[in-house]
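All figures in this text were calculated on a predicted structure; none of them were measured in a lab. All values below come from the heavy atoms of this structure, side chains included, with hydrogens, waters and symmetry mates left out.
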Amino acid sequence: MSEPKELSPAFEPTEQNAHNDLPEGWLQVQSMDLDAQGVARKPDGKVVFIDGALPFELVTANTHRKKNNWEQASLVAIHRESSQRVRPGCPHFGLHAGACGGCKMQHLHVGAQVAVKQRVLEDNLWHLGKVKPLTMLRPIEGPSWGYRYRARLAVRHVIKKGTVLVGFHERKSRYVADMGQCPVLPPHVDAMLMPLRALIASLDARDTCPQIELACGDEVTALVLRHLEPLSAGDIARLRAFAGQYNVQWWLQPKGPDTVKLLDEGGPTLSYALPDFGITMPFKPTDFTQVNPHINRVLVSRALRLLDVQPQERVIDWFCGLGNFTLPLATQAREVLGIEGSEALVARSRENYKSNQAQRKDGKALAAADFVARNLFDMTPEMLIADGTADKWLVDPPREGAFALAKALADIEQARRGVEGAAPLPAGAEGWTPPQRIVYVSCNPATLARDAGLLVHLAGYQCTAAGMVNMFPHTAHVESIAVFERV
């Protein structure tokens, strides 16, 4: 288990409580960390991370793990409750035995969740990257419930209980939570959980089906059944009957993700739309797409508005995936290059580009676009220059961030400045210019902060704006967006 990290308070306290004024054993919670634990300090200054506690509450807690300078504890009693504490929207949320581990913040008002995550972003940028944005953007928010269109549901036939469980894992456990409902899933999927349990229980292969992956498009609900042995004719018939009753599309996965295929060909295509740009994105249920399509639409629109692409400009979309940003960029730019590590996703983005180009109306063709597969964690200045000059960049990396990309940009800038110890300029660098603006979409504030530090302190940029994106309400996941302008 990784060491907890203390963060600044989500809100400034209205009063400072002296430790000497508290009854013995009471703690005043001062903030919340990235794992949604309350953070308090003992009279001797030792930090205590408390599961279930909220900022500014007075609590007692039971310590279950001790280190030299911090402790982890579980909430025992609340003596003064936070005004931001709310009744959780799901009966399976909590600290009790068997509680679902899918959400961590349902006991905190969703507006306060946003404030906590915004502070997490600011703290990481400053403490890890020594970067302070000129402007903090208004958080992007959307529905708090029924938003999770992508989910990986564990399946377990529990012989001792004589039942099948389908859902997320319990808190800090490998066991599958005994879930009868899940309000963060779309309502029609939430209503399907108990029927899914009954379906799996009826299968001959109920002991060898460990997982169901959910992927909802705008019109299609796809379920990917992972099965470790061939399905019998009876099981196939049961799946088809379920599909007809609940209007779902079954996909089967006998081995790795590349073995996924439709149970019955010829059905409607799994896809989502980006209506602001007249784009429709077909995808396979195992492809990476954003969990929250409502927020994704707003995020794409805001990212392009911040990038402010002009008709004469060339843009590179790094970590382009299916083309979630690339295709909208092609409605605005002169030329777009999408670069992605996965050959399969590059092939899919090319297909999506062609299908959307064919569907364009009123003579508004997409700009010229090319897609390239490359390991972006091995970027070098030479590779960067070989991709040619682009006026603007869109960067949307996985949790690992875009360190190699930011470092390559910084290395070129350091070489141009003649900084002592810098490598010489690569061939072709004389005619190459860095992008004037970069919009960076991040799913990990720590790696964003690390990369922002490189861009600001070594590559010649300033961070003009940053903001939080509440892609995953009730979880501790922090999505964000930042803008870097060439100085």
Side-chain angles (χ1 to χ4, degrees), residues 1-2 4-5 7 10 31-39 49-55 75 82 84-96 98-121 123-124 139-154 167-174 176-177 179 181-187 189-190 193 213-216 288-296 298-299 398-399 441-448 467-481:
M1 181 177 176
S2 61
K5 292 182 173 61
L7 301 168
S31 61
M32 179 176 269
D33 78 350
L34 194 49
D35 285 322
Q37 300 174 115
V39 182
F49 297 93
I50 310 167
D51 261 346
L54 294 178
L75 185 65
S82 167
Q84 300 299 318
R85 182 176 285 275
V86 296
R87 183 184 180 89
C90 176
H92 304 301
F93 175 84
L95 302 177
H96 57 277
C100 175
C103 295
K104 291 188 176 181
M105 290 187 172
Q106 284 193 25
H107 58 312
L108 179 62
H109 187 278
V110 69
Q113 294 179 28
V114 171
V116 166
K117 293 178 183 183
Q118 184 87 350
R119 180 56 62 91
V120 167
L121 171 63
D123 277 2
N124 275 268
I140 295 178
E141 302 178 65
S144 302
W145 304 101
Y147 69 84
R148 187 155 190 163
Y149 277 47
R150 299 299 305 259
R152 187 166 291 166
L153 304 174
F168 299 113
H169 287 97
E170 294 177 359
R171 295 178 76 254
K172 302 177 182 179
S173 168
R174 293 182 179 180
V176 181
M179 296 165 49
Q181 63 186 92
C182 181
V184 299
L185 295 175
V189 179
D190 178 22
L193 282 179
E213 191 158 352
L214 166 73
C216 293
F288 173 80
T289 59
Q290 292 289 7
V291 160
N292 189 330
H294 318 287
I295 294 296
N296 183 57
V298 180
L299 175 62
R399 291 189 60 78
V441 177
S442 166
C443 59
N444 183 345
T447 53
L448 167 63
M468 178 278 213
V469 181
N470 200 19
M471 185 73 75
F472 297 80
H474 311 300
T475 77
H477 183 97
V478 181
E479 192 101 2
S480 54
I481 188 169

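Put simply, the side chain of Gln106 gets close to the backbone of Gly89: a donor and an acceptor are under 3.5 Å apart. Between the side chain of Asn292 and the backbone N or O of Arg148, no donor-acceptor pair lies under 3.5 Å.
In this structure, Val469 and Pro139 have side chains that are not in contact, with every pair of non-hydrogen atoms separated by 4.5 Å or more. Proximity of Leu108 to Val86: side-chain heavy atoms (C-beta onward) are nowhere separated by under 4.5 Å. Inter-residue side-chain proximity for Ser144 and His474 is flagged as met; some heavy-atom pair is nearer than 4.5 Å. Annotation: side chain of Gln290 is in contact with side chain of Glu479 (closest heavy-atom distance under 4.5 Å). In this structure, Leu54 and Met32 have side chains that are in contact, with non-hydrogen atoms separated by less than 4.5 Å. Residues Val184 and Pro473 are not in side-chain contact: their nearest non-hydrogen atoms beyond the backbone lie 4.5 Å or more apart. Proximity of Met105 to Thr475: side-chain heavy atoms (C-beta onward) are nowhere separated by under 4.5 Å.
Qualifying side chain to side chain donor-acceptor pair (under 3.5 Å) partners for Asn444, counting only residues two or more places apart in sequence or in other chains: none.
Smallest separation of non-hydrogen atoms from Leu95 and Gly52: CD1-CA, 4.0 Å. The nearest pair of heavy atoms linking Cys443 to Pro398 is SG-C, 3.7 Å. Residue Leu448 comes nearest to Ser442 through the heavy atom pair CB-OG, 3.5 Å, listed as atom of the first residue, atom of the second, then distance. Shortest non-hydrogen contact noted between Tyr147 and Pro293 is O-CD, 3.8 Å. Contact record, Met179 with Cys100: SD-SG, 4.0 Å, taken as the closest heavy-atom pair. Annotation for Pro445 and Asn124: closest pair O-CB, 3.7 Å, computed over non-hydrogen atoms.
The pair Lys172-Asp51 meets the salt-bridge criterion, with a side-chain N (NZ, NE, NH1 or NH2) lying under 4.0 Å from an Asp/Glu carboxylate O.
Taking the six-membered ring wherever Trp is involved, the centroid distance between the rings of His294 and Tyr149 falls below 6.0 Å.
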Between Ile140 and Met468, is the side-chain contact (heavy atoms from CB on, under 4.5 Å) condition met? List the steps.
CA-CA 7 Å; Ile140 295 178; Met468 178 278 213; over 6 Å; no

What's the verdict on side chain to side chain donor-acceptor pair (under 3.5 Å) for Arg399 and Thr447, showing C-alpha distance, side-chain angles and the deciding distance?
CA-CA 7 Å; Arg399 291 189 60 78; Thr447 53; over 6 Å; no

Show your reasoning for whether side-chain contact (heavy atoms from CB on, under 4.5 Å) applies to Phe168 and Cys103.
CA-CA 10 Å; Phe168 299 113; Cys103 295; over 6 Å; no

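Between His477 and Phe472, the angle of the ring planes lies from 30° to 60°, which puts this pair in the tilted group.
Exactly one of Gln113, Lys117, Glu141 qualifies for a side chain to side chain donor-acceptor pair (under 3.5 Å) with Asn470. That residue is Lys117.
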